[in-house]
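Only this structure's heavy atoms are used, side chains among them; waters, hydrogens and symmetry mates stay out. Computed from a predicted structure; not experimentally measured.
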Amino acid sequence: MNNEPIVKEYSREYQDQLVELILTIQQAEYNIPITKDDQPDLMAIENFYQTGNGNFWVAVYNDKVSGTISLLDIGNRQVALRKMFVAKDYRGNAFNTARMLLNHALCWAKEKGVKEVYLGTTPQFLAAHRFYEKNGFESIDSDVLPKNFPIMAVDKKFYRYTVD
């Protein structure tokens, strides 16, 4: 038994588990009326995320997906951080799943020469807001987002991280 999650690049073997994880958090935990059909990117991860400076990772703990994160290449050496989800049982300092995922993605971005990471989130994800702010993201107004940034309907709060 491994004591901490391992961050791995997405491969198809994790498809069903990651969709289940994301939908459970969105629907059951946060009561967001979103379905798999509303998120076609989840069924096309290789083509949607794993291109250019983008990628998709899963945190795996004892062969079970416990978290996800992705970077979507939006051009101009900028990426959008998307699909950051951690199963309830793997949140917090005991596992550090979110921090491991974020650090992995930010190291990847730096290696790829990315200059800025942007993200949008929903107002109700208060713990996520604190997490991003604690990890160097600054809150920004939507009018300073790059024109290529894909704003989701549920996104009302935005952040920017400058890769150094």
Report task. List the steps and the verdict of side-chain contact (heavy atoms from CB on, under 4.5 Å) for I45 and R12. Result -> CA-CA 9 Å; I45 287 171; R12 205 163 261 298; over 6 Å; no
Query raised in the report: Within the side chain of H129, is there an N or O that forms a donor-acceptor pair under 3.5 Å with the backbone of T122?
Result: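 Yes; at least one donor-acceptor contact below 3.5 Å.
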Requested in this report: Spell out, as yes or no, whether a donor-acceptor pair under 3.5 Å connects the side chain of Q27 to the backbone of I32.
Outcome: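 Pair absent, no side-chain N/O of Q27 close to backbone of I32.
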Query raised in the report: Do you know which two heavy atoms are closest between F158 and G120, and how far apart they sit?
Result: CD2-CA, 3.6 Å
**Report entry** L126 versus P123, closest heavy-atom pair with distance
**Finding:** CD2-O, 3.4 Å
Can you give the donor-acceptor pairs under 3.5 Å from side chains of residues 150-157 to other protein atoms, not counting sequence neighbours?
from	atom 1	to	atom 2	distance (Å)
D155	OD2	M152	N	3.4
K156	NZ	A153	O	2.9
K157	NZ	S139	OG	3.2

If we only count heavy atoms from C-beta on, is the [X] to [Y] side-chain gap below 4.5 Å?
X: K115; Y: V163; value: no
X: N135; Y: R99; value: yes
X: Q39; Y: L23; value: yes
X: Y161; Y: E138; value: no
X: Q78; Y: F149; value: no
X: R77; Y: K112; value: no

Query - With sequence neighbours excluded, residues passing side-chain hydrogen bond (donor to acceptor under 3.5 Å, both in side chains) with T35 - result: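 Once residues adjacent in sequence are excluded, the partners of T35 under the side-chain hydrogen bond (donor to acceptor under 3.5 Å, both in side chains) criterion are D38.
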Query - Sequence-distant partners of Y118, side-chain hydrogen bond (donor to acceptor under 3.5 Å, both in side chains), two or more places apart - result: E116
Hey, could you give me the [atom1]/[atom2] distance between [X] and [Y], rounded to the nearest 0.5 Å?
X: F137; Y: Y159; atom1: CZ; atom2: OH; result: 10.0 Å
X: I22; Y: K36; atom1: CD1; atom2: NZ; result: 12.0 Å
X: F56; Y: F48; atom1: CZ; atom2: CZ; result: 11.0 Å
X: Q17; Y: Y14; atom1: CD; atom2: OH; result: 8.0 Å
X: I140; Y: L119; atom1: CD1; atom2: CG; result: 8.0 Å
X: L106; Y: L102; atom1: CG; atom2: CG; result: 4.0 Å

Report task. Could you please spell out the steps behind the side-chain hydrogen bond (donor to acceptor under 3.5 Å, both in side chains) verdict for Q15 and Y10? Result -> CA-CA 8 Å; Q15 177 77 46; Y10 166 83; 2.6 Å; yes
Requested in this report: Answer with yes or no whether the hydrophobic clustering places M43 together with L21; edges join I, L, V, M, F, W, Y residues whose side-chain heavy atoms lie under 4.5 Å apart.
Outcome: yes
Query raised in the report: Given E133 and R160, is the salt bridge (Lys or Arg N to Asp or Glu O under 4.0 Å) satisfied, shown in steps?
Result: CA-CA 10 Å; E133 289 162 11; R160 172 179 55 211; over 6 Å; no
Query raised in the report: Is it true that atom CD of E20 has more than 12 heavy atoms of other residues, nucleotides or ligands lying nearer than 6.0 Å?
Result: no
Query raised in the report: Does N93 CG have over 12 foreign heavy atoms under 6.0 Å away?
Result: no
Query raised in the report: Which residues pass the side chain to side chain contact (heavy atoms under 4.5 Å, CB included) test with D89, sequence neighbours left out?
Result: none
Query raised in the report: Taking only residues two or more places apart in sequence, or in another chain, which ones meet D63 in a side chain to side chain contact (heavy atoms under 4.5 Å, CB included)?
Result: none
Requested in this report: Check whether the side chains of N55 and E9 place a donor and an acceptor atom closer than 3.5 Å, and report yes or no.
Outcome: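 There is such a pair (donor and acceptor under 3.5 Å, judged by atom type) between the side chains of N55 and E9.
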Requested in this report: Go through the steps to decide whether Y132 and M84 satisfy the test side-chain contact (heavy atoms from CB on, under 4.5 Å), and finish with yes or no.
Outcome: CA-CA 11 Å; Y132 292 127; M84 173 111 195; 3.4 Å; yes
Sequence neighbours left out, cut at 3.5 Å: what donor-acceptor pairs do the side chains of residues 65-76 make with other protein atoms?
from	atom 1	to	atom 2	distance (Å)
S66	OG	A59	O	3.3
T68	OG1	K83	O	2.7
S70	OG	R82	O	2.9
D73	OD1	G75	N	2.8
D73	OD2	N53	N	2.7

Report task. Answer yes if the ring centres of Y30 and F125 are under 6.0 angstrom apart, and no otherwise. Result ->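 For Y30 and F125, the ring centres are under 6.0 Å apart.
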